[in-house]
Amino acid sequence: MRSHRRPLLFSELATAFARLEATPGRTASARLVADLLAGTARAEIPPVVYLLQGQLRPPYEGVELGIGERLLARVLAQAYRVPEAQVARRYRSAGDLGLVAERLAGERLRSRLTVAGAYRSLLEIPRASGAGSTTRKTNLLAALLGAATPVEARYLVRIVQGRLRLGVGDATIIDAAAAGALGDRGKRKLIEQAYNVRSDLGSVLQLAYARGASGLARIGPKVGIPVRPALAQRLRSAEDIIERLGTVQAEPKYDGFRLQFHRDGDRVWAFSRRLEDVSEMFPDLTAAVRRQLRARRAILEGEAVGYDPRTGRFLPFQLTMTRKRVYGVAEAASRHPLRLFAFDLLYADGDDYLHRPQEERRRRLVALVRGSADDPVVVTEAIRTSRADELQEYFETMLGQGLEGIVAKRPDAPYRAGARGYDWVKLKRAYQSRISDTVDVVLVGYLAGRGARAELGIGSLLGAVYDPEGQRFRTVAKIGSGPSERQWKELRAMLNRSAVRSRPASVDSLIVPDVWVEPRLVVEVLADEITRSPRHTCGKRGKEPGYALRFPRMLDGVRVDRTPETATTEREVLDLYRLQSGESRAKSPRFTTKNPLAASAPRDPTR
DNA sequence: GTTATACGCTATC
DNA sequence: GTCTGACGGATTCGG
DNA sequence: CCGAATCCGTCAGACGATAGCGTATAAC
């Protein structure tokens with residue numbers, strides 16, 4: 001370990017990364033991270049931490065590189081003067097562009113790169129915009145790679161991809177810093193707490209190393225800075241939930257997107273689940289928060305769902321998502337207004353509610369949100385129960401209304417920012433596979449995997465359904481989760497036996513897998529829903545979109561009892577789609593008022 | 001030189 | 001979003 | 001009563017479909 005803190009060389013960082021990559025076990029990794037941070041000058045802690053996280057800046061700043069795997073492949077070709085096809089070929093077999101770069105990088109033994117210098121260069125990339133910016137970005141990165149040693153190149157590339165693959169995540173970094181900066185791993189909570197309310201690990205760790213525990217102690221939520229959202233665990237039945245939580249507060253689970261609102265007087269922010277600042281995208285909701293919230297300064301959270309102003313029915317997720325946009329915001333807002341189902345209060349007028357019990361936060365939220373059924377912000381309904389049958393009934397009622405399911409919460413639990421714990425538990429239809437959409441899919445090909453999957457030689461399956469009339473197989477999903485490692489290997493072996501050089505004539509597909517396969521193997525796939533699809537050919541007629549599975553995962557075992565012709569048919573998928581959209585989709589609250597005419601004249605929420 | 005389409009990236013779930 | 005697999009702390013088991 | 005075995009929650013990293021945006025490229 002270095003005892004003096006001169007500027008870190010990038011090679012030192014790369015060496016540390018390489019050690020981490022080779023080290024299994026979080027404890028050992030945390031020790032290495034602690035060593036790295038101990039040898040880092042205070043001023044350089046933020047960049048080192050961001051790089052370790054595979055980022056450049058904290059998420060709410062919205063700094064995007066705009067370079068993904070395709071451009072990166074082009075950069076490698078440029079930097080190492082090899083044909084792009086060669087990079088692509090190597091990528092397919094190695095499953096990691098970092099490794100490809102390392103192997104192409106030759107034998108440069110030393111570089112003059114410093115961490116600060118490399119970091120500065122990387123920050124140049126997102127600044128490029130407008131015509132010619134792609135070339136400028138690739139030039140910048142190619143130049144950086146040109147100055148790097150092979151190992152440095154490996155990690156530069158992975159940093160750009162945001163996939164370090166070191167086996168180190170936030171939790172490990174926090175462990176390391178607790179031991180290193182506070183001298184006690186047990187003080188991890190202090191760092192965690194600060195990180196969860198400020199969402200900027202670089203700055204928090206800088207503070208931890210500079211000021212120690214006392215510097216972190218007073219850090220609470222701050223209006224205008226997003227709090228890392230609490231997440232729910234999954235359980236498969238109402239009984240399981242009651243068994244684990246005892247008494248619960250249960251709420252409907254809406255199929256929209258999560259928003260965290262912050263208010264400071266007239267100023268209102270909105271943050272997405274991944275902490276992006278989306279304030280400008282929802283003027284209707286920010287205005288409503290300003291109008292309806294009886295607190296000058298506050299942080300609250302909810303789920304935003306679109307509805308049809310003519311019928312009051314909720315929109316499918318696909319349509320709700322179109323509200324997350326930069327242009328045509330007012331137009332979209334009047335066509336598809338949003339309702340915000342507020343479900344939590346994190347802060348209000350000087351009071352930090354994070355550590356208060358769920359029940360109290362909810363009570364306070366109800367008290368602070370005013371408004372009629374006409375207003376966009378509505379506090380979610382909730383029941384309280386300790387009986388499994390009651391919870392099950394509530395769940396079924398919600399499904400009957402076309403909702404996604406329920407979220408059950410421990411009434412005495414604090415807001416566990418940044419954690420996915422059992423204080424909140426979600427229950428969805430698909431978790432009970434006997435009432436879910438299960439599809440027997442014919443495999444028509446597979447794709448090479450990346451990272452760990454590359455070693456298995458298979459990353460995902462291309463699945464199709466059968467059209468008996470046309471005697472063709474049309475794709476409906478790629479399946480990338482479900483099988484165990486062993487099953488992946490078995491699948492690959494089986495599929496290789498029926499591999500063919502090119503797309504079989506009976507297969508109708510826009511997606512080109514790495515390996516085509518004669519349609520023989522049938523596999524059971526569970527999905528939450530059917531969506532309209534521009535990519536899959538199932539049900540596709542001309543320019544109209546087809547249909548696909550939402551959240552597909554393979555259930556175990558190949559269906560040996562099924563032949564391709566007895567797999568699920570295209571027709572059946574269409575029927576499933578009609579069934580789900582014909583299902584009574586819940587209506588947004590105001591439309592439950594007695595006067596149906598109220599629904600026919602929505603007021604323009606953008607005004 | 002202008003407009004339409006294609007592609008890649010990043011975000012949501 | 002779903003899912004698997006590894007890890008590490010807590011709990012239970014067996015001698 | 002202690003060491004070994006087992007359990008269970010957390011963490012990390014694979015993978016899914018889709019929409020909008022910015023830029024590049026093709027078409028006119």
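Below, chain A is the first sequence line, B the second, and so on; all start at residue 1.
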Out of C:dC3, D:dA19, D:dG9, minimum distance to the side chain of A:Gln318 belongs to D:dA19
With a 4.0 Å cut-off on heavy atoms, is A:Asp528 in touch with a base, just the backbone sugar-phosphate, or nothing at all? nothing
Closest to the side chain of A:Arg550, out of D:dT18, B:dC13, D:dG20, is B:dC13
Picking from D:dT18, D:dA19, B:dT10, the nucleotide nearest the side-chain atoms of A:Ala548 would be D:dT18
Check: Side chains of A:Tyr254 and A:Glu404: closer than 4.5 Å at any heavy-atom pair?
Finding: no
From CZ of A:Arg323 across to P of B:dC13 the rounded distance in Å is 15 Å
A:Lys324 NZ to B:dT12 P, in whole Å, measures 5 Å
From CD of A:Glu485 across to P of C:dG5 the rounded distance in Å is 5 Å
Side-chain atoms of A:Leu65 come closest, of C:dG9, B:dT10, B:dT12, to B:dT10
Checking D:dC21, D:dA12, C:dT2 against the side chain of A:Tyr327 (C-beta onward), the nearest is D:dC21
Exercise. Do we get A:Arg323 above A:Phe282's six-membered ring, with its NZ or CZ under 6.0 Å from the centre and within 45° of the axis?
Worked result: no
When rounded to whole Å, the CE to P distance for the pair A:Met281 and D:dG20 reads 12 Å
Donor + acceptor pair across side chains of A:Glu102, A:Tyr155 (<3.5 Å) = no
Check: Taking atom types as they are modelled, is there a donor-acceptor pair under 3.5 Å from the base of C:dC7 to the side chain of A:Arg26?
Finding: yes
Closest of B:dC13, B:dT12, D:dT18 to the A:Arg258 side chain is B:dC13
Out of C:dG1, D:dC11, D:dA17, minimum distance to the side chain of A:Lys426 belongs to C:dG1
query = Is there a donor-acceptor contact under 3.5 Å linking the side chains of A:Arg339 and A:Ser588?
reply = yes
From CG of A:Leu510 across to P of D:dT18 the rounded distance in Å is 11 Å
